[in-house]
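Worksheet for the structure shown next.
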Amino acid sequence: MVVLSSHPGQSSSDERAQNGAARREPEYDSLFQRFENDEVLARLKALDARAQRKGIKSLDPSKNALIRLGTEIDDQGRVTKNSYGVFHLSWRAERDG
């Protein structure tokens, strides 16, 4: 696809975005590798499954950083809301076909 800039000598926003993405590629590869190595997706699925089976009271945010990222926590450090639902919907759709 060829994108023409609106002014001669200036690059389009698409070209700038592509060039920026190319510059960030090594960092992205490193982050993706860490995501894979740390089994983040499997851990998220396990946390969501536990919350579905045992309720949010079974989640201890002091024991797992992913719990702190995907839930709301009150002043006493208790999980008050499971915000992994958006992930759960896609996993469920994938599983149920």
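Both backbone and side-chain heavy atoms feed into the values below; hydrogens, waters and symmetry mates do not.
For the pair Arg92 and Leu89, the minimum side-chain heavy-atom distance is 4.5 Å or more.
Residues satisfying the side-chain hydrogen bond (donor to acceptor under 3.5 Å, both in side chains) criterion with Asp74, sequence neighbours excluded, are Arg78.
Residue Arg53 places its CZ atom among more than 12 non-hydrogen atoms of other residues, nucleotides or ligands, all under 6.0 Å distant. Residue Asp96 places its CG atom among more than 12 non-hydrogen atoms of other residues, nucleotides or ligands, all under 6.0 Å distant.
The one candidate from Arg43, Lys45, Glu39 that meets the side-chain contact (heavy atoms from CB on, under 4.5 Å) condition with Leu41 is Lys45.
Using cut-offs of 30° and 60° for the angle between ring planes, the Tyr84 and Phe87 rings count as tilted.
Minimum interatomic distance between Gln52 and Asn82 (heavy atoms only, all atoms of both residues): NE2-ND2, 4.2 Å. Closest heavy-atom contact between Val79 and Leu59: CG2-O, 3.6 Å. Considering every non-hydrogen atom in both Ile67 and Pro61, the closest pair reads CG2-CA, 3.7 Å.
Distance check: Phe32 CZ to Asn37 CG gives 10.0 Å after rounding to the nearest 0.5 Å. Atom CG of Asp60 is separated from atom CZ of Arg68 by 9.5 Å, given to the nearest 0.5 angstrom. The CG atom of Leu66 sits 12.0 Å away from the CG atom of Asp48 when rounded to the nearest 0.5 Å. From Asn64, atom CG reaches atom CG of Leu69 across 9.0 Å, with rounding to the nearest 0.5 Å.
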